[in-house]
There are 4 protein chains.
Amino acid sequence: MSALSPPSTQDSHNKRERRKEARPGELLQAALELFVEKGYAATRAEEVATRAGVSKGTLFLYFSSKEDLFKAVIQSNLSRHLMAWNQEFEGFEGSSADMLAYGLTSWWTQIGSTLAGGITKLVMSEARNFPEIAAFYEREVVKPGQHLIERILQRGIDQGEFRPLDVHHACMSLVCAMMYLMMWKHSLGPCSAANPSFDPETFLLTHLNTLLNGIRQTSPSGTL
Amino acid sequence: MSALSPPSTQDSHNKRERRKEARPGELLQAALELFVEKGYAATRAEEVATRAGVSKGTLFLYFSSKEDLFKAVIQSNLSRHLMAWNQEFEGFEGSSADMLAYGLTSWWTQIGSTLAGGITKLVMSEARNFPEIAAFYEREVVKPGQHLIERILQRGIDQGEFRPLDVHHACMSLVCAMMYLMMWKHSLGPCSAANPSFDPETFLLTHLNTLLNGIRQTSPSGTL
Amino acid sequence: MSALSPPSTQDSHNKRERRKEARPGELLQAALELFVEKGYAATRAEEVATRAGVSKGTLFLYFSSKEDLFKAVIQSNLSRHLMAWNQEFEGFEGSSADMLAYGLTSWWTQIGSTLAGGITKLVMSEARNFPEIAAFYEREVVKPGQHLIERILQRGIDQGEFRPLDVHHACMSLVCAMMYLMMWKHSLGPCSAANPSFDPETFLLTHLNTLLNGIRQTSPSGTL
Amino acid sequence: MSALSPPSTQDSHNKRERRKEARPGELLQAALELFVEKGYAATRAEEVATRAGVSKGTLFLYFSSKEDLFKAVIQSNLSRHLMAWNQEFEGFEGSSADMLAYGLTSWWTQIGSTLAGGITKLVMSEARNFPEIAAFYEREVVKPGQHLIERILQRGIDQGEFRPLDVHHACMSLVCAMMYLMMWKHSLGPCSAANPSFDPETFLLTHLNTLLNGIRQTSPSGTL
DNA sequence: GATGAATGAGTGTTCATTCAT
DNA sequence: AATGAATGAACACTCATTCAT
């Protein structure tokens, strides 16, 4: 697209080339969708290939095994996931409570309610069988996320907005609601004819407000 | 039963009988361990049998299929407890806050901290592939558990202990912490050299107190 | 039953003894019924034992294997079969045509329409896997039966009732209708909602009359 | 097709393609042989594959199950012939007696004397255990065959060649001889050192002539 | 003799992976 | 590079047979 892109290959080859270069990405995308939908074990390699528009054999040209494909799916999506996460929270101005509310909302919009939410469920489900992925996830996603939230909480304490508290515990109290929503959405949720009036975003904000009510320096009157 | 009954006959009868009666329990225990450790799909029926000290064929003498075994594992480890709790709380005296704290503590002691806690993660992981099990779990575990907690919350509201609130949301705020702990403990937990000073039970009670702080009719001095 | 039966065992033991001596017969009867109904391969040894009112282990006390049981079932029933057959036809007076008609009718009544008819189907179905049984059946049932019919046909020729013909071929033309009925009755018949007005005995006599019409020295007017 | 088309491409394409197109036929042939020889239940799927020169997995590439293979064997060996006969007889010129004789002869040549004749015995043997196959066979083979023969008989009656008769019974009288031959040939036949001078085709025509003698409007001089 | 709990070889079927084309 | 026919190891489940009681 840029005029500065390498013009080494002839234009006539571009369509093919672009196709070739896009292959891994198309396979990863197809695999992500299927793994999230059906789980790792229940997804057949051929399904992934078919959805990506190639043959079974081609899949193994790009990934040496189904396990290798799985790792690539998770890691490539976690990185994307991560970048979005980091950009989102930089340079926010306002009260710490507002920061948390904003963070929760945008997390739900950009991750929880999308395919990315399925990755978390996938990682949790397969962590025991793929320790490398578990370690990667913890290092690259869990730890930075916790750190960010704990910093916001600490900021609230330092500025007298929240009463002194164990930021680690408070962070988990906050985060666990998101985790619960994601697991539910990709496991029992689709199987249960549950209360259709339930709205995840409302629940998240209710949860936050109840917690803030419990940790604020002075209890305000309204709670949602 | 009588001390004078011929011991020889008894014993000869017993060795076989005792085996037979113990088998289902031994198989369920082996299945629980392996399912929690490796996941349902990744556990071979023969492994379960071997760990229980019997042959493959014997497993199918007691459980008609691998899925049936899975259901039995859920039922024997979770349904049982829920029924007991329902009865226990029928005659409970004391504040609703105490009831919740007691419930959380005994849940952690009897389920969360044991292998049975892994079942929740197991069910969540496999729900999409086994809708029947998902339905079974929702009917036998989720619904009764929610019902119990919501009744306690409603009691607190009716007695003026809690301010009026959406019991469904509040129940989820409470429950999600337990879910999070269990998911963590059986997925990323074993792979991470996490903070060793973290104590799940303390976290649960902290979480409860923060929430109670947020929903109580009159804010007490401070409970964190 | 006879007063001369060996009185060696005490009367008090009789019930048990009679039971014990009846066991093989009860097992053979149960096996016959099930083999005829479901075929050899599809009948489980345990089913046979259960129907005979004993346990699985007991079956193998009397028959060393399922195959052995099968052979015993066939051979014991063929003998019975055979005795009936022989007694039936001895000393018949009347025209050869009447002999054939009588023979066909009584064959249908006593064999074709009973469990014994199922044995023929069983033998045909399993002959390739049990050559001994096939040989036994041919020697003890097929050959004598053919011989009898061919003698009757020859008698008809000798007495000028039938025109000269190949008795072997004529015998087969006659017999094949019985075979067809038996096979049908125990294979496709039960699976098809076939013409309910079809009556095997009528068919057999029609078949015979048509053949006799073709065989007789002078064609009579009526043909059934 | 063109003599000038590049032979290299053709060949490289063909070796693989020709295999693929030949596979179903090779598998059907192997299955036919083994099923007829040992029975359906006693033949292992792997044996069929091995005899066809492929691995177990390949069998299931072409037939979705063993039962499906069974059905395909029936269809490719019997249904095909019946359809051809139906068409052939549409334009047949000559007496109905000749039609029947011609039909019997070609049936013996194309089916009765070949392995395909074993299918009838196979179906009869397994019908009770595979009702779906029984229904399939009745629909695809029995019904069309009966219909064809009954039409010919009716034609003979309408044209004054045969005396009025019950075409259903007459059809069975005719057909039962073929059935008997096939059952015999694939059950007791191989086990017995039977009369080597016996010729099935001659028997069939003798049988037909005897019946025709019995059903013709005017008895001719003698046909046996 | 009788039992029935236990066994383990055997079967149909699936699916990740290979490799000739 | 791409294909897709072929493979064969793996797995859930069955059932004839054994043997301790």
Side-chain angles (χ1 to χ4, degrees), chain A residues 16-17 19-20 23 41-50 54-69, chain B residues 8-9 11-17 19-21 23 41-49 53-69, chain C residues 16-17 19-20 23 41-50 54-69, chain D residues 8-9 11-17 19-21 23 41-49 53-69:
Chain A
R16 264 223 156 142
E17 291 285 316
R19 200 76 223 219
K20 205 188 303 183
R23 281 283 142 77
T43 299
R44 282 180 306 134
E46 190 165 18
E47 284 180 275
V48 175
T50 301
V54 298
S55 74
K56 214 181 339 182
T58 304
L59 171 61
F60 289 91
L61 232 49
Y62 291 97
F63 302 93
S64 66
S65 70
K66 193 186 170 192
E67 191 168 329
D68 186 50
L69 172 65
Chain B
S8 60
T9 310
D11 277 347
S12 66
H13 210 246
N14 273 2
K15 211 182 268 173
R16 205 89 185 261
E17 288 288 308
R19 274 338 286 245
K20 178 179 164 43
E21 274 156 30
R23 286 275 186 260
T43 300
R44 282 180 302 130
E46 192 163 18
E47 282 180 278
V48 175
V54 298
S55 74
K56 196 178 9 173
T58 303
L59 170 60
F60 291 96
L61 231 51
Y62 293 95
F63 301 94
S64 64
S65 69
K66 199 184 165 192
E67 191 167 336
D68 187 50
L69 174 63
Chain C
R16 262 223 159 143
E17 290 286 314
R19 201 76 221 221
K20 205 188 302 183
R23 280 285 143 77
T43 300
R44 283 179 306 135
E46 189 165 20
E47 284 179 275
V48 176
T50 302
V54 297
S55 76
K56 213 180 342 182
T58 304
L59 171 62
F60 289 91
L61 232 49
Y62 291 97
F63 302 94
S64 65
S65 70
K66 194 187 170 190
E67 191 167 329
D68 187 50
L69 172 65
Chain D
S8 61
T9 311
D11 278 347
S12 66
H13 210 245
N14 272 2
K15 209 180 270 172
R16 205 91 186 259
E17 287 289 305
R19 274 338 289 242
K20 177 179 163 43
E21 273 156 31
R23 280 284 138 75
T43 300
R44 282 178 304 129
E46 191 164 19
E47 282 181 278
V48 175
V54 297
S55 74
K56 200 176 6 173
T58 302
L59 170 60
F60 290 95
L61 230 50
Y62 293 94
F63 301 94
S64 63
S65 69
K66 198 185 167 192
E67 191 167 337
D68 187 49
L69 174 64

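Chain letters run A, B, ... following the sequence lines, proteins first and then strands; every chain starts at 1.
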When you match D:A41 and A:E67 each to their closest nucleotide on DNA chain E, which lands nearer the 5' end? D:A41
Between D:D68 and D:F63, which heavy-atom pair has the shortest distance, and what is it? OD2-CA, 3.6 Å
Contact class for C:T50 (heavy atom, under 4.0 Å): base, sugar-phosphate, or nothing? nothing
Nearest heavy atom decides the nucleotide; on that basis, is D:V54 or A:L61 closer to the 5' end of DNA chain F? A:L61
Shortest non-hydrogen contact from B:L59 toward B:A49: CB-CB, 4.3 Å
Contact summary for B:T43 and B:K66, nearest pair of heavy atoms: O-NZ, 2.8 Å
Given that D:K56 and D:Y62 both sit by DNA chain F, which one's nearest nucleotide is further toward the 5' end? D:Y62
Atom pair distance, as rounded to whole Å: NZ in A:K66 and C1' in E:dT17: 12 Å
Could you give the CG-to-P distance, from D:L59 to F:dA5, as a whole number of Å? 15 Å
Would you say a side-chain N or O of D:T58 is under 4.0 Å from OP1 or OP2 of F:dT7? yes
Which one, F:dA16, F:dC11, F:dG4, comes nearest to the side chain of A:S55? F:dG4
For B:G53 and A:E46, take the nucleotide of DNA chain E holding the closest heavy atom to each; which residue's nucleotide lies nearer the 5' end? B:G53
Figure out the CG/C1' separation between D:D68 and E:dT13, and round it to whole Å. 13 Å
Using whole Å, report how far CD of B:E47 lies from C1' of F:dA10. 12 Å
Can you measure A:F63 atom CZ to E:dA16 atom P for me and round it to whole angstrom units? 15 Å
Out of E:dT14, F:dC13, E:dT7, whichever nucleotide has its closest atom nearest the side chain of B:S65: F:dC13
Looking at every heavy atom in both A:S65 and A:F60, which two are closest together, and how far apart are they? CA-CE2, 4.0 Å
When you measure from the side chain of D:F60, which nucleotide among E:dT14, E:dA2, F:dT3 comes out closest? E:dT14
Using a heavy-atom cut-off of under 4.0 Å over every strand shown, decide if B:S64 touches base, sugar-phosphate, or nothing. nothing
Hunt down any stem DNA chain F takes part in, defined as 3 or more consecutive Watson-Crick or G-U pairs whose two distances are each under 3.5 Å. E:2-21 with F:2-21
To the nearest Å, how far apart are D:L69 CG and E:dT13 C1'? 14 Å
